[in-house]
Amino acid sequence: MKSSLFVSDIVERGLLYAIANDRIHTAQPLDAAENWHFWTEPKSPVLEWLARSYPPQSVRIAYLDAMLGHEHAEGIEAHYDVSNDFYALFLDTKYRFYTCAEFENDTETIEAAQTHKAEYLLSLLNLTGDEKILDLGCGWGAMLKFLQDRGHRGKLSGFTLSKEQLTYATQELGLNVSLTDFITEDFDSAPYDRILSIGSIEHVRPKEIEQLYQKIYDALVPGGLAVHQFFSLIREPYPTSMVTLQIFFPGSLLTMHSNHIEAAERVGFKITHDSIHNYRPTLRAWYDRLVANKERALELVGLEIYNRYMTFFPVSWLFFQQQEADIHRIVMAKPA
Ligand SMILES: C[S@@+](CC[C@H](N)C(=O)[O-])C[C@H]1O[C@@H](n2cnc3c(N)ncnc32)[C@H](O)[C@@H]1O
């Protein structure tokens with residue numbers, strides 16, 4: 001990467017962004033051990049302070065505002081429409097969940113941990129078997145397939161904005177999935193007994209949260225449940241990590257967890273469950289799988305995208321390690 005770009009990245013976007021962008025454009029595949037160590041080992045307090053306080057809030061907000069001018073679909077395509085075969089190299093082989101799993105111990109596989117997560121969510125959905133369920137941001141159809149495998153009889157459908165995911169979920173798995181923007185488009189076949197989302201509310205911008213929760217509320221039957229897993233900010237609305245996030249998810253911006261809860265309550269939901277989970281083991285497991293499949297990954301997506309994911313996983317690990325964000329599972333109940 002040209003040193004002039006590195007310098008302008010530091011000035012305009014800050015240290016974290018500049019270093020991440022620089023490493024992504026390294027002329028070789030990033031070394032697995034060095035790279036993980038580089039991001040996750042503690043840095044000097046001065047460096048930490050600099051990384052967290054520059055650029056100042058006003059510059060961050062101006063940049064993020066400009067990024068929010070992009071269409072949702074653009075950001076989704078940039079991240080997800082890379083190659084289905086590439087994602088298959090590091091996601092769990094059974095369901096292809098691209099969201100935080102539930103590791104019960106240090107030795108279990110990502111396959112087992114994703115099944116535990118799905119079982120946890122299943123318990124929150126509190127199903128009898130005939131409910132009509134909509135999965136907002138269903139990815140490669142993982143949770144819908146899991147529900148099918150567990151014998152769910154009610155109608156299952158999902159929305160995604162990724163064309164690659166749509167192809168896989170409809171053609172490979174035969175699921176009822178459509179390319180629908182759950183923020184801007186209607187939920188055509190409402191009402192639903194359950195509406196769930198795993199790892200997609202992160203893509204909803206702060207100003208869209210309440211309107212989305214209202215739409216979910218309106219689309220549920222009385223007594224229906226919305227079950228969501230998503231991560232949200234703990235401390236401050238625009239940390240420098242939100243600027244760095246734009247490298248990986250252009251146009252996405254997180255908000256504080258309290259804003260989610262307040263918005264849900266304002267539209268009439270009662271929060272009946274809110275638990276916090278740990279994303280770090282999942283990020284490490286994906287990293288290790290990607291490294292183990294390095295040669296094939298390079299053939300499929302090339303050097304820059306390989307290095308981008310090699311950077312994305314430890315940067316995200318750091319984000320949770322430094323307690324900037326938490327991953328929650330919540331149940332929002334519509335009164336009967
Ligand atoms: C991190 S993936 C999670 C996929 C899946 N739920 C899982 O657990 O593997 C996020 C998903 O949200 C979808 N998504 C994000 N914003 C969306 C929107 N506005 N409308 C429809 N889908 C959206 C993406 O297309 C993607 O399928």
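Each ligand, and each atom within it, is numbered from 1 in the order the structure gives. Because only heavy atoms are used, hydrogens play no part in the values below, and waters and symmetry mates are left out as well, while side chains stay in.
Of all the atoms in ligand 1, the ones that sit under 4.0 Å from a non-hydrogen atom of I183 are 19 (N). Near S162, the atoms of ligand 1 lying under 4.0 angstrom from a non-hydrogen atom of the residue are 25 (O). Near T180, meaning under 4.0 Å from one of its heavy atoms, ligand 1 places the atoms 20 (N), 21 (C). The contact set between ligand 1 and G139, taken as ligand atoms under 4.0 Å from a residue heavy atom, comprises 4 (C), 5 (C), 27 (O). In the vicinity of D181, heavy-atom distances shorter than 4.0 Å reach the ligand 1 atoms 18 (C), 19 (N), 20 (N).
Comparing G158, A73, A142, G137 by heavy-atom distance to atom 5 (C) of ligand 1, the nearest is G137.
Under 4.0 angstrom from ligand 1, there are no non-hydrogen atoms of E202. Counting heavy atoms closer than 4.0 Å to ligand 1, residue S197 contributes nothing at all. Contacts between I76 and ligand 1, counted as non-hydrogen atom pairs separated by less than 4.0 Å, involve the side chain only. Contacts with ligand 1 closer than 4.0 Å are made by no heavy atom of L136, backbone or side chain.
Nearest non-hydrogen protein atom to atom 3 (C) of ligand 1 is I198 O, 3.4 Å. Atom 9 (O) of ligand 1 has its closest protein heavy atom at Y98 N, 2.7 Å. Scanning all protein heavy atoms for the shortest distance to atom 26 (C) of ligand 1 gives Q165 OE1, 3.4 Å. In terms of protein heavy atoms, atom 23 (C) of ligand 1 is closest to F182 CE2, 3.4 Å. Looking from atom 25 (O) of ligand 1 to the surrounding protein, the closest heavy atom is T160 OG1, 2.9 Å.
Geometrically, K94 does not engage F146 in a cation-pi contact, judged by NZ or CZ lying under 6.0 Å from the ring centre and within 45° of the ring axis. Because its NZ or CZ atom is both nearer than 6.0 Å to the ring centre of F38 and within 45° of the ring axis, R23 counts as a cation-pi partner of that residue. Geometrically, R96 engages Y168 in a cation-pi contact, judged by NZ or CZ lying under 6.0 Å from the ring centre and within 45° of the ring axis. In this structure, R329 satisfies the cation-pi test against Y120, with its NZ or CZ atom closer than 6.0 Å to the six-membered ring centre and inside 45 degrees of the ring normal. At least one cation-pi condition fails for K334 and F269: the charged atom is not both under 6.0 angstrom from the six-membered ring centre and inside a 45 degree cone around its axis.
Polar contact with ligand 1: absent for Y80 (N/O pair, distance under 3.5 Å). For ligand 1, the polar-atom distance check against S200 finds no nitrogen or oxygen pair separated by under 3.5 Å. For ligand 1, the polar-atom distance check against H203 finds no nitrogen or oxygen pair separated by under 3.5 Å. Backbone and side-chain nitrogen or oxygen atoms of T99 are examined, and one is located within less than 3.5 angstrom of a nitrogen or oxygen of ligand 1. Note: no N/O pair closer than 3.5 Å links K117 and ligand 1 by distance alone.
Between F313 and W286, the ring-plane angle classifies as tilted under the 30° and 60° cut-offs.
Here the side chains of S232 and F230 are in contact, with some heavy-atom distance below 4.5 Å.
Residue contact annotation: H72 has no non-hydrogen atom under 4.0 Å from ligand 1.
Ring pair F312/F249: centre-to-centre distance below 6.0 Å. Residues H277 and H328 place their aromatic rings such that the two centres sit no closer than 6.0 Å.
Classification of R153 and D130 as a salt-bridged pair holds, one side-chain N sitting under 4.0 Å from a carboxylate O. A salt bridge is defined here as a Lys NZ or Arg NE, NH1 or NH2 lying under 4.0 Å from an Asp or Glu carboxylate O, and E111 with R289 meets this definition.
Of the options R266, H228, H260, a side-chain hydrogen bond (donor to acceptor under 3.5 Å, both in side chains) to Y213 is made by H260 and by none of the others.
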- After noting the C-alpha distance and the side-chain angles of D326 and Y279, does the key distance pass the side-chain hydrogen bond (donor to acceptor under 3.5 Å, both in side chains) rule? CA-CA 8 Å; D326 259 340; Y279 215 137; over 6 Å; no
